[in-house]
Amino acid sequence: MSTFATELREFECAARESELRNFSLSYLKSIPFAPNKGFGGRERELTQLEELLFPKESEADRVAISGLDGVGKTRLAMQIVHRTEKAQPESSIFWIPAKDTETLERKYTQIVRKLKLPGSEDPEADAKKLLQNHLCGDAGQWLLVYDNADDEAMWFGETTRLKDYVPYNKAGSVLFTTRFEQIALKLAMPDHVVKLPTEDKVMAR
C-alpha cells in the first residue's frame, strides 16, 4: 500500500473517531476531523477562501473547491473549518459528507436531532428541509460544508435536487468540495470557485 493511501486511511479513521468529540451543543459544531498540525502551505488558497466565505463589505456567499482526487480538497476545507472555529467561536459549523445519498441523509438526521428542531424525531420528516428552514431563519452565524459533492444527478436530477435544499442567509456561508469543475460552477459563481491544480497532489500529502 502506498504512503499516500496509508495516510488517507489513517485520516479517515481519525475522522470517525473524533466526530463525536467535536459535536458540541453550545453553538453546534459538527466537525469530523481534528486539526491537522502537520498541514502546511496553501496560504494563498486559505486566504482566498476566507475572503470569499466571509467578505467584509458584502453578504456571505457560496464557494466551491474543485480538483481531482488526492489534491487536498477535503484537507483544505477542514483547515478553513478549524480557522473559522477559532476566529468565530460562536458560529455553528456543519460538515455534511455528500458522496452518496445514504450518508448525506444520515448526517442530516443526526444534525437536526442534535439541534432538537421541531419534527426532527418524526421518521417521516425531511431532515434536509428542517435544517434548511432553521439556517434560513434566526440561527446566528454559521458555516455549512458539503464534502465530495460529486454526484451530479443527486444535486441537479429530475427526482432529486439537493441544490434546492442548500440554505441561504446573509449570516451563513456554504462551502462545497467536488472533483468536477462543471458541478462547482453550478453550485457557486465562477469567481467563487477555487480550483486546485493536479500538480498540487504532492503538496496534499
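Here the structure is a predicted model, which is why all the values come from computation and not from measurement.
- Put simply, the side chain of L130 does not reach to within 4.5 Å of the side chain of Y165, judged on heavy atoms.
- Counting heavy atoms from C-beta outward, F156 and I183 have side chains that approach closer than 4.5 Å.
- Side chain of T177 to main chain of N148: a donor-acceptor pair is present (N/O by atom type, distance under 3.5 Å, no hydrogens or angles).
- Across all non-hydrogen atoms, the minimal contact from P167 to V174 is O-CG2, 3.9 Å.
- No close placement of the F180 and W155 rings is indicated, their centers lying 6.0 Å or farther apart.
- Here the NE2 atom belonging to H192 is positioned 10.5 Å from the CG atom belonging to L49, to the nearest 0.5 angstrom.
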Item checked: Intermediate values then yes/no, side-chain contact (heavy atoms from CB on, under 4.5 Å), K186 and E152 -> CA-CA 10 Å; K186 288 183 179 181; E152 191 165 11; 2.6 Å; yes
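- Rounding to the nearest 0.5 Å gives a distance of 5.5 Å between CD1 of I96 and CG of L131.
- Of all the heavy atoms in A184 and A64, the pair that sits closest is CB-CB, 3.8 Å.
- Here the shortest heavy-atom pairing between A171 and Q141 reads O-OE1, 3.0 Å.
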Check: After noting the C-alpha distance and the side-chain angles of L143 and Q88, does the key distance pass the side-chain contact (heavy atoms from CB on, under 4.5 Å) rule?
Finding: CA-CA 10 Å; L143 170 64; Q88 304 176 28; over 6 Å; no
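- Of the possible donor and acceptor atoms, none in the side chain of R161 sits under 3.5 Å from a partner among the backbone N and O of A153.
- No donor-acceptor distance shorter than 3.5 angstrom exists from the side chain of W142 to the backbone of S173, with no hydrogens or angles considered.
- Note on E121 versus K116: no salt bridge recorded, every NZ/NE/NH1/NH2 to OD/OE distance being 4.0 Å or above.
- A salt bridge between K56 and E51 is absent, with no side-chain N of the basic residue lying under 4.0 Å from a carboxylate O of the acidic one.
- From D147, atom CG reaches atom OG1 of T178 across 10.0 Å, with rounding to the nearest 0.5 Å.
- Panel note: side chain R179, backbone L68; no donor-acceptor pair is recorded below 3.5 Å.
- If you run side chain to side chain contact (heavy atoms under 4.5 Å, CB included) between R62 and each of L53, L52, L144, V166, only V166 comes through.
- In terms of heavy-atom proximity, I93 sits nearest to V81 at CD1-O, 3.7 Å.
- The two residues V71 and P197 have their closest heavy-atom pair at CG1-O, 3.7 Å.
- Residues V112 and L117 have side chains in contact (heavy-atom distance under 4.5 Å, counting atoms from C-beta outward).
- Remark: the backbone N or O of D164 is paired with a side-chain donor or acceptor of Q132 at under 3.5 angstrom.
- In the displayed structure, D191 atom CG is contacted under 6.0 Å by more than 12 heavy atoms of other residues, nucleotides or ligands.
- Taking the side chain as every heavy atom from C-beta outward, T103 and K107 never approach each other to under 4.5 Å.
- F176 places none of its side-chain heavy atoms less than 4.5 Å from the side chain of I65.
- Separating the NZ atom in K73 from the CG atom in D150 is a distance of 7.0 Å, to the nearest 0.5 Å.
- Salt bridge status for R83 with E43: present, with a side-chain N to carboxylate O gap under 4.0 Å.
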Check: Which is it for M154 and D100 under the side-chain contact (heavy atoms from CB on, under 4.5 Å) test, yes or no, and what are the steps along the way?
Finding: CA-CA 8 Å; M154 189 168 76; D100 58 75; 5.6 Å; no
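- Here the NZ-CG distance, from K195 to L185, works out to 9.0 Å after rounding to the nearest 0.5 Å.
- Shown here is E102, whose CD atom has no more than 12 heavy atoms of other residues, nucleotides or ligands within 6.0 Å.
- A heavy-atom distance below 4.5 Å is found between the side chains of H82 and M78.
- Of the inter-residue distances, the one linking Q110 atom CD with S120 atom OG reads 12.5 Å to the nearest 0.5 angstrom.
- Between the side chains of Y108 and D126, no donor N or O sits under 3.5 Å from an acceptor N or O.
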Checklist line | Candidate pair D61 and F54, rule side-chain contact (heavy atoms from CB on, under 4.5 Å), full reasoning | finding: CA-CA 8 Å; D61 213 333; F54 313 111; over 6 Å; no
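- Side chains of L135 and Y168 form no contact here, defined as non-hydrogen atoms less than 4.5 Å apart.
- By the 4.5 Å heavy-atom criterion applied to side chains, L187 and V193 are not counted as neighbours.
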